[in-house]
Amino acid sequence: MRENIKKAVLEALEQCMDSGELPKKDVTTDIQISRPKHESHGDFATNIAMVLASQLKMAPRNIAQALQGRLEENPLFDRVDVAGPGFINFFIRPEWWQKGIVSIVEKGAEFGRSSSANGKKVLIEFVSANPTGPLHVGHGRGAAVGDSLARVMKAAGYDVETEYYINDAGNQMKTLGTSVYLRYLEHYGRDVEFSQECYQGDYIKDIARDIAEREGDRFVDVPVEECVEFFTTHAVNIISASIRDDLESFRVHFDNWFSEKTLHESGKVQEAIDFLKERGQIYEKDGALWFRSSDFGDEKDRVVRRANGILTYFAADIAYHRDKLERGYHMLVDIWGADHHGYIPRVKASIAALGHSEDKLKVLLVQLVNLFEGGKVKQMSTRAGQFVTLREVLDDVGTDAARFMFMTRKCDSHLDFDLELAKKKSQDNPVYYVQYAHARLCSVFRNAEAQGITLGDISEIDTSRLSAREEMDLIRALGEFPVVVEGAAHALEPHRVSYYLTELASMLHSYYTKYRFIEQDVELSRARMLLAQATKNVFATGLELLGVSAPEKM
RNA sequence: GCCCCCGUAGCUCAGGGGAUAGAGCACAGGAUUCCUAAUCCUGGUGUCGCAUGUUCGAAUCAUGCCGGGGGCACCA
């Protein structure tokens with residue numbers, strides 16, 4: 001619809017210039033076709049007259065009036081107004097809207113999906129929590145944002161892959177193995193000192209008990225250095241499996257699981273460092289190896305290999321991003337916790353140093369989730385063992401409510417998640433509002449079928465019967481769905497979809513209360529059922545994009 | 001000290017150059033012989049944190065300040 005209007009406007013401009021109504025001149029026509037807030041301003045509006053005013057050296061209203069004369073002849077419009085400082089307001093003929101409903105139903109699940117991104121290859125990396133403990137609520141938010149973003153971008157025609165980077169190397173692994181080892185000794189009644197450095201959570205004890213059951217006491221008298229690797233591997237396997245389980249319950253899917261350890265083992269970390277060294281981006285100081293990230297906008301240089309010979313996490317990260325870049329993506333999206341924001345300049349610097357445009361990397365920072373319980377904020381720390389797990393939240397409020405909840409804020413704003421509210425008053429959750437709209441529409445079709453009314457040949461349906469104000473509002477809103485999806489994908493803001501669906505649900509519920517889909521008049525019923533079908537499709541597709549189920553009954 | 005995010009109705013937040021700034025919650029009242037009342041309808045609030053600037057036009061952009069949160073290792 002917007003495209004048609006834009007075309008009409010540009011044609012009118014050309015005609016006016018040819019006829020001398022407007023000065024003939026090369027102008028930039030970077031114009032907007034927008035939906036006005038007030039219905040008295042029509043279905044769409046354009047700011048072209050204001051944009052051209054300075055270029056043509058004419059008053060905006062005069063330009064608008066010239067264009068108006070041409071645009072009024074276009075059969076697409078019922079009426080064309082000039083308003084305010086020079087807006088041109090378009091009132092679309094109702095039949096254009098009404099006919100649109102047929103094509104929405106014909107497109108079915110495809111409506112809202114497009115190829116506007118032309119198969120641009122994107123890798124979205126998210127969650128990537130260390131395999132040292134269960135996922136907590138904060139990870140859940142990242143998971144919901146990343147997975148929904150992947151779905152939305154796919155719908156907009158991106159070629160999307162998702163990836164989880166497993167930090168299964170480094171110091172923390174040794175800490176994990178040691179923690180389990182100590183709990184194992186405790187299990188056999190040994191008196192051990194369990195230091196603050198160790199992972200405190202009860203899940204460590206569970207893993208230790210599991211090892212005891214399988215392996216018996218054969219490690220009890222083995223010094224920690226000799227068996228820590230066994231404990232580490234075992235713990236990582238168990239924790240990774242439970243992370244995968246949690247994500248599956250959360251309907252979050254990853255195409256790839258990428259292990260940091262393999263980067264080290266295959267020598268890719270060293271390769272990346274050597275590559276930068278050849279380019280003169282690495283130097284030695286105080287016994288350590290440094291990357292010249294300050295040459296690329298970072299505030300200081302960063303260490304890639306410490307004086308003790310151990311490679312830093314950042315070194316692996318350079319190699320990891322190099323690997324991603326070599327896999328040929330047009331865009332890399334990393335979703336990180338907001339506490340990692342200081343990390344962005346150095347990773348971007350490494351991408352530039354590797355010879356790529358740093359714009360290829362888009363980092364979304366997901367702000368903290370403030371978890372409330374009884375009005376108190378619960379602090380979360382994996383090491384201290386005090387946290388609310390994603391699993392716990394899923395068991396309490398369910399996947400649908402949790403996923404929708406995480407989509408009710410843009411990701412860079414803090415989110416308050418009140419557990420008690422979510423538990424006790426779960427029907428107040430906005431997700432039910434949207435799901436209920438879908439369920440109600442399904443119920444309409446069940447009833448229609450019971451009465452023997454079916455849609456039949458939809459091309460035969462008289463859509464002009466859909467003329468009530470509420471019907472036109474719904475129809476117009478349905479037409480916005482593809483625009484919303486595309487906008488959400490390009491802006492990397494999946495939360496827009498949840499806002500859209502909530503608004504659509506509000507319109508549907510209003511309509512539902514005031515009118516009946518199934519009436520005595522069968523032709524009218526068919527027209528309304530067509531509208532119901534189109535609306536139901538949009539709810540189903542929209543909820544799918546959010547990873548939320550669309551129940552047929554509630 | 002430096003960096004990032006936030007500041008919009010009583011509360012939680014949308015809107016991120018465009019016309020008269022919106023929703024949910026909370027509060028009060030009302031609606032169901034009929035497709036699901038997990039619903040709807042009616043009621044009212046704003047120095048858009050403050051100040052300068054850019055613009056035909058600023059809640060929106062820029063700069064500075066104030067307030068809240070987070071981050072600034074040869075940790076991961």
Side-chain angles (χ1 to χ4, degrees), chain A residues 32 34 36-38 40-41 45-47 49-51 53-54 59-60 83-87 89 130 132 167 169-173 175 260 285-290 299-300 302-314 316-317 337-345 363 365-368 370 382-383 408-416 418 421 425-437 439-451 453 491 493 495-496 498-499 502-503 505-506 508-520 525 528-529 532 553-554:
Chain A
Q32 292 163 7
S34 56
K37 285 176 195 154
H38 294 273
S40 63
H41 297 141
T46 180
N47 62 347
M50 276 96 85
V51 172
S54 62
F87 286 105
N89 295 333
N130 297 346
T132 53
N167 298 124
N171 242 337
Q172 52 180 348
M173 287 299 105
T175 307
E260 180 188 356
K285 193 183 92 182
D286 303 332
L289 278 188
W290 298 71
E299 61 183 25
K300 53 177 279 199
R302 305 292 174 177
V303 171
V304 292
R305 197 183 68 208
R306 293 188 267 157
N308 62 11
I310 294 176
L311 293 163
T312 60
Y313 178 88
F314 178 48
D317 242 358
D339 54 344
H340 285 69
H341 86 266
Y343 218 76
I344 297 174
V363 180
L365 294 177
V366 177
Q367 280 291 344
L368 300 180
N370 290 319
T382 309
R383 189 153 300 188
T408 59
R409 298 277 179 281
K410 48 183 177 192
C411 65
D412 56 8
S413 64
H414 298 256
L415 172 68
D416 291 337
D418 191 322
L421 197 82
K425 305 172 71 180
S426 58
Q427 59 268 59
D428 287 344
N429 195 300
V431 69
Y432 295 107
Y433 189 75
V434 176
Q435 288 182 317
Y436 185 48
R440 277 184 141 180
L441 289 167
C442 290
S443 144
V444 166
F445 283 93
R446 280 193 297 271
N447 281 285
E449 201 182 347
Q451 293 176 43
I453 304 172
E493 291 185 351
H495 75 278
R496 294 187 190 188
S498 70
Y499 277 91
T502 305
E503 267 172 45
S506 163
L508 187 272
H509 287 311
S510 287
Y511 179 73
Y512 190 96
T513 306
K514 194 165 168 183
Y515 297 89
R516 295 181 53 78
F517 284 94
I518 314 297
E519 290 276 18
Q520 293 296 322
S525 301
R528 289 183 173 172
M529 281 166 66
K553 272 184 187 173
M554 285 175 77

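Because the structure is predicted, anything quoted here is derived from the model rather than measured. Each chain gets a letter, A, B and so on, in the order the sequences are listed, and its residues count up from 1.
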Subject >> Gap between atoms OH and P, on A/Tyr432 and B/U39 respectively (whole Å) >> reply: 12 Å
Original post:
How are the rings of A/Phe517 and A/Tyr512 set to each other: parallel, tilted or perpendicular (split at 30° and 60°)?
Top reply: tilted
Subject >> A/Thr46 side-chain N/O to A/Gln32 backbone N/O, donor-acceptor pair under 3.5 Å >> reply: yes
Original post:
Does A/Gly342 or A/Met554 map to a spot on RNA chain B nearer the 5' end, using the closest nucleotide for each?
Top reply: A/Met554
**OP:** Would you classify A/Ala45 as touching base, sugar-phosphate or nothing, given that sugar-phosphate means primed atoms plus P, OP1 and OP2, and contacts are heavy atoms under 4.0 Å?
**Re:** base
Original post:
The side chain of A/Glu299 lies closest to which of these nucleotides: B/C2, B/C74, B/U39?
Top reply: B/C2
**OP:** Grab the CZ-C1' distance between A/Phe517 and B/C35 for me, whole Å please.
**Re:** 9 Å
**OP:** Remember a base hit wins even if backbone is also touched, and classify A/Phe314 as base, sugar-phosphate or nothing at under 4.0 Å, heavy atoms.
**Re:** nothing
Short N/O separations, protein against nucleotides 54-59 of chain B, under 3.5 angstrom:
none

Original post:
A/His509 near the nucleic acid: base, sugar-phosphate alone, or nothing, with a heavy-atom cut-off under 4.0 Å?
Top reply: sugar-phosphate
Original post:
Which part of the nucleic acid, if any, lies within contact of A/Lys300, taking any heavy atom under 4.0 Å across all strands shown: a base, the sugar-phosphate backbone alone, or nothing?
Top reply: sugar-phosphate
Original post:
Within the structure shown, what part of the strands sits under 4.0 Å from A/Ala491 by heavy-atom distance: base, sugar-phosphate, or nothing?
Top reply: nothing
**OP:** Could you please name the option among B/A14, B/C35, B/A76 that lies closest to any side-chain atom of A/Thr312?
**Re:** B/A76
**OP:** Go through B/C40, B/C35, B/C74 for me and flag the one nearest to the A/Asp286 side chain.
**Re:** B/C74
**OP:** Using heavy atoms to find the nearest nucleotide of RNA chain B for A/Gln367 and A/Asp339 separately, return the residue whose nucleotide is more 5′.
**Re:** A/Gln367
Original post:
Reckon A/Arg409 touches a base, only the sugar-phosphate, or nothing at all at heavy-atom distances under 4.0 Å?
Top reply: sugar-phosphate
**OP:** Under 4.0 Å between any heavy atoms, over every strand shown, what does A/Ala307 touch: base, sugar-phosphate, or nothing? Just pick one.
**Re:** base
Original post:
Which is true for A/Lys410 with a 4.0 Å heavy-atom rule: it touches a base, it touches only sugar-phosphate, or it touches nothing?
Top reply: base
Original post:
Base, sugar-phosphate, or nothing for A/Ala83, non-hydrogen atoms under 4.0 angstrom?
Top reply: base
**OP:** Give the minimum heavy-atom separation between A/Ala288 and A/Val303, together with the two atoms involved.
**Re:** CB-CG1, 4.3 Å
Original post:
How would you label the contact of A/Phe445 with the nucleic acid (heavy atoms, under 4.0 Å): base, sugar-phosphate, or nothing?
Top reply: nothing
**OP:** Remember a base hit wins even if backbone is also touched, and classify A/Asn89 as base, sugar-phosphate or nothing at under 4.0 Å, heavy atoms.
**Re:** base
Original post:
Contact class for A/Ala338 vs. all strands (heavy atom < 4.0 Å): base, sugar-phosphate, or nothing?
Top reply: nothing
Original post:
At under 4.0 Å between heavy atoms, what does A/His495 touch on the DNA or RNA strands: base, sugar-phosphate, or nothing?
Top reply: sugar-phosphate
Subject >> Runs of at least three Watson-Crick or G-U pairs with RNA chain B, cut-off 3.5 Å >> reply: B:1-7 with B:66-72, B:10-13 with B:22-25, B:27-31 with B:39-43, B:49-53 with B:61-65
Original post:
Using a cut-off of 4.0 Å on non-hydrogen atoms, how would the nucleic acid contact of A/Asn167 be classed: base, sugar-phosphate, or nothing?
Top reply: nothing
Subject >> Parallel, tilted or perpendicular, as decided by the 30° and 60° cut-offs, for the rings of A/His38 and A/His41 >> reply: perpendicular
